[in-house]
Amino acid sequence: MNIILLGPPGCGKGTQAKLLERERNLQQISTGDMLRQEVADGTELGQQAQKFMSAGQLVADEVMIGMIQNRLQRGDLGSGFILDGFPRTVEQAQGLGAMLGELDLTVDKVLYLKVPKEMVVERLLKRAEIEGRADDNQETIEKRMEVYLQQTIPVVEWYQQQSLLLELDGGKAIDEVSAKIRDSL
Ligand code: B4P
């Protein structure tokens, strides 16, 4: 089974992807984690990406599409994959469709975790206290939400048109959200 997790920053994509990975032997593919690893390793890509991430902007589509293409071509996907944080633009969704076609793979479900903005801000500020992520501050969170509305909501609509979208209330407690996901798969 191949799944995409969509939703605003802080909706629980990473949290739920990790739970699904363990429960279903799926491979979590988190572009946010991959980029943070590049930053930690001090690669050229990481240095470029860091500027966009700490400003709450998206990293360029061609970089992200290339990164996912490399990961999918490597194989090693267990019983399938969970894409967490990708695609975030319609261009990325189109790129994904093309590369999956070449690899003879399909997306089975797109889970859209809907969460109100106030809750997003609250969760990310709480995470800032615990993890100290550079992009979890009030100003950058506002920017990330703006970018989400402009660039990622069209991706939600894109998958809705393809009848792949399943909307879930991501505003509930973590175990309630994962129970709903389990029921829906
Ligand atoms: P991401 O790492 O994807 O960051 P995110 O949207 O904040 O989601 P994340 O998965 O980390 O958080 P989660 O909702 O699980 O991206 C970071 C940056 O990388 C982007 O801004 C962008 O610059 C760049 N980037 C990544 N992918 C890209 C792409 N495809 N194209 C271009 N640029 C890209 O959880 C957040 C917090 O809420 C956690 O602390 C968690 O514990 C808590 N939480 C989760 N579920 C909860 C619940 N039900 N109740 C209470 N708290 C909950």
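Read the numbers this way: they start at 1 and go in the same order the structure lists the ligands and their atoms. Bear in mind that the values here come from a model prediction, so they are computed numbers and not experimental data.
Here R133 has side-chain heavy atoms under 4.0 Å from ligand 1, and that is the only part of it that gets that close. Proximity of I130 to ligand 1, defined as any heavy-atom pair under 4.0 Å, is not found for any part of the residue. Within the 4.0 Å heavy-atom criterion, the part of R36 lying near ligand 1 is the side chain and not the backbone. Contacts between E131 and ligand 1, counted as non-hydrogen atom pairs separated by less than 4.0 Å, are absent for every part of the residue. Neither the backbone nor the side chain of A49 comes within contact range of ligand 1; no heavy atom lies under 4.0 Å.
For ligand 1, the polar-atom distance check finds no N/O of D135 at less than 3.5 Å from any of the ligand's N/O atoms. Residue contacts with ligand 1: F86 is placed with no nitrogen or oxygen under 3.5 Å of a nitrogen or oxygen of the ligand (distance criterion only). At under 3.5 Å, a nitrogen or oxygen of V59, whether backbone or side chain, sits near a nitrogen or oxygen of ligand 1. Between G12 and ligand 1, an N or O atom pair is found at a separation short of 3.5 Å. Checked against a 3.5 angstrom limit, the closest N/O atoms of G85 and ligand 1 fall inside it. An N or O contact shorter than 3.5 Å links G14 to ligand 1 by distance.
Ligand 1 is never approached by K126 to a heavy-atom distance shorter than 4.0 Å. Assignment of A173 to the shell around ligand 1 is supported, since a heavy atom sits closer than 4.0 Å. For the pair E176 and ligand 1, no heavy-atom separation below 4.0 Å is found. Residue contacts with ligand 1: K172 is included, with a non-hydrogen atom under 4.0 Å away.
For the salt bridge (Lys or Arg N to Asp or Glu O under 4.0 Å) test with D136, the passing option among R144, K126, R123 is R144; the others fail.
Salt-bridge check for D183 with K180: failed, with every basic side-chain N at 4.0 Å or more from each acidic carboxylate O. The pair K117-E142 counts as a salt bridge, with a side-chain nitrogen and a carboxylate oxygen less than 4.0 angstrom apart.
Of the protein's non-hydrogen atoms, the one nearest atom 24 (C) of ligand 1 is L35 CD1, 3.6 Å. Of the protein's non-hydrogen atoms, R127 CD, 3.8 Å is the one closest to atom 39 (C) of ligand 1. For atom 8 (O) of ligand 1, the closest heavy atom belonging to the protein is K13 NZ, 3.6 Å.
Follow the hydrophobic side-chain contacts under 4.5 Å out from I68 and you reach L103 in the same cluster.
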